[in-house]
2 protein chains.
Amino acid sequence: MTEATASTPSPELAGPADGGDPRHAAAVLGMVAYLELASFSRLAADAGLAPTLRQRLELSDMARRALDRVDRVAARVEELGGQLEPTMGPFAGVLAEFDSRTVPSTWWERLLKGYVGYGVADDFCRILAGSVDASTRALVEEVLDDESHSRFVVEALAEAAQGDPTLASRLALWGRRLVGEALNAAQRVLADHPTMAELLDVALPEHQGDAQQRLFSLLTADHSRRMDRLKLAA
Amino acid sequence: MTEATASTPSPELAGPADGGDPRHAAAVLGMVAYLELASFSRLAADAGLAPTLRQRLELSDMARRALDRVDRVAARVEELGGQLEPTMGPFAGVLAEFDSRTVPSTWWERLLKGYVGYGVADDFCRILAGSVDASTRALVEEVLDDESHSRFVVEALAEAAQGDPTLASRLALWGRRLVGEALNAAQRVLADHPTMAELLDVALPEHQGDAQQRLFSLLTADHSRRMDRLKLAA
């Protein structure tokens, strides 16, 4: 150990070493952790309803990876001096209304819901993470970057919808319903969590006062890209 | 590499190196893999309904470990020259009737169902594994030896039932219902899978012809021990 190391002040217990408001980091990490736990539950439920054993195994594996991501977020929360449960607690139930308003009636609707609904939630977190410390931001981006579920859904849905125009137009309608409800859910999060609203203003500084509208147009654009990938009308 | 090693015949592709009928090993591994996958689904569903976030996280973690056990079984299946899906496929749905006849109506009933219903299934596999090659048997015993869920249920239920005699007697009744249905399910597995019935005769050789009755008394005794641990009447 050198003199220089010994004289370096020890990092704050309750904040990131590389700057940023620790409340902001905690809010983003808490929400991401909760969303990943919710993904775990949803993917496991999807697995149980999958039409083939192979798909059941694949979706179960994706569920497991969502839970691994909860652990990675928990590790960062602890690095910052916090604890997982109280950090994610405020966000528990953030999807309850969304879920109750978007009960899928078929396997295809269920798959699309995972892709579109959670896609919007991920994008929302990614945008807010723009204003937290660099290490937290990098972790959030990494954690939200699992492409395996998207690929699974795109392959399954694109193939099914291509051969069945009725299905394709019903799914396009369902996609619009989902994105509408997802945007409502995002709006509720901002209304219920002042820290998140603060974060948004920091993340989109050029749109002060108007940040919510800008957020919604970013989320809608990402949604359209996802629907395009499925060859469904946005 | 020595001369002796070089002259050792390579092991059979489709069978255990240390003896035993490969069809028997495959049947036990297939059933254990399916039961662990079903445990994963059930634990994940329980997690989603858990009354606290802490319990939700604990049960989700247990679900993940059940899926890790599927992987361990899969590795052994592959060592024996097989593949997971076709090996477990014949056992998919082995719990469907049991599940449809034992829909829990409360959180406590749900916990007890996991402990009692899957307890019987695990014991059933453990007994049949007595007649397969030593490596497969050791793996099955290890895989079925996760105490964490039992501990979770025993702690939660014993405490709740102790302070509430009405709950305790309702759960005792539910336990009898569960074990009855679990024994029916075991009987169906033996009837539908001739390999499993063969295995049973090998596993309990002193009870040839009468092995099923002996199996049921072993399963019932284990069930009584579990109910004792919960301080509930068997």
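A, B, ... follow the sequence lines: proteins, then strands. Residue 1 opens every chain.
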| Can you name the closest pair of heavy atoms from A:Ala38 and B:Arg56 and give their distance? | CA-NH2, 3.7 Å
| remark: Turns out that what part of B:Asp71 lies under 4.5 Å from chain A's heavy atoms comes down to side chain
| Within 6.0 Å of CZ in A:Arg229, more than 12 heavy atoms from elsewhere | yes
| task | Give a yes or no on whether A:Arg54 atom CZ has more than 12 heavy-atom contacts from other residues, nucleotides or ligands under 6.0 Å away. | result | no
| field | Region of B:Ser60 in contact with chain A, defined by heavy-atom distances below 4.5 Å | value | both
| query | With a 4.5 angstrom heavy-atom cut-off, which part of B:Leu43 approaches chain A: side chain, backbone, both or neither? | reply | neither
| Which heavy atom in B:Ser41 sits nearest to a heavy atom in A:Gly48, and how many Å separate them? | OG-CA, 4.5 Å
| note | So CD of A:Glu85 and CG of B:Leu57: to nearest 0.5 Å the spacing works out to 6.0 Å
| query | Hey, does B:Arg64 have a side-chain heavy atom less than 4.5 Å from the side chain of A:Asp68? | reply | yes
| query | With respect to chain A, which residue among B:Val70, B:Leu53, B:Asp61, B:Leu67 yields the maximal number of heavy-atom pairs within a distance under 4.5 Å? | reply | B:Leu67
| message | Is it the case that over 12 heavy atoms from other parts of the model lie below 6.0 angstrom from the CD atom of A:Glu141? | response | yes
| query | More than 12 foreign heavy atoms under 6.0 Å from CZ of A:Arg170: is that the case here? | reply | no
| Should we count CZ of A:Arg188 as having more than 12 external heavy atoms under 6.0 Å? | yes
| request: Return yes when atom CD of A:Glu159 has more than 12 non-hydrogen atoms of other residues, nucleotides or ligands closer than 6.0 Å, and no otherwise. | output: no
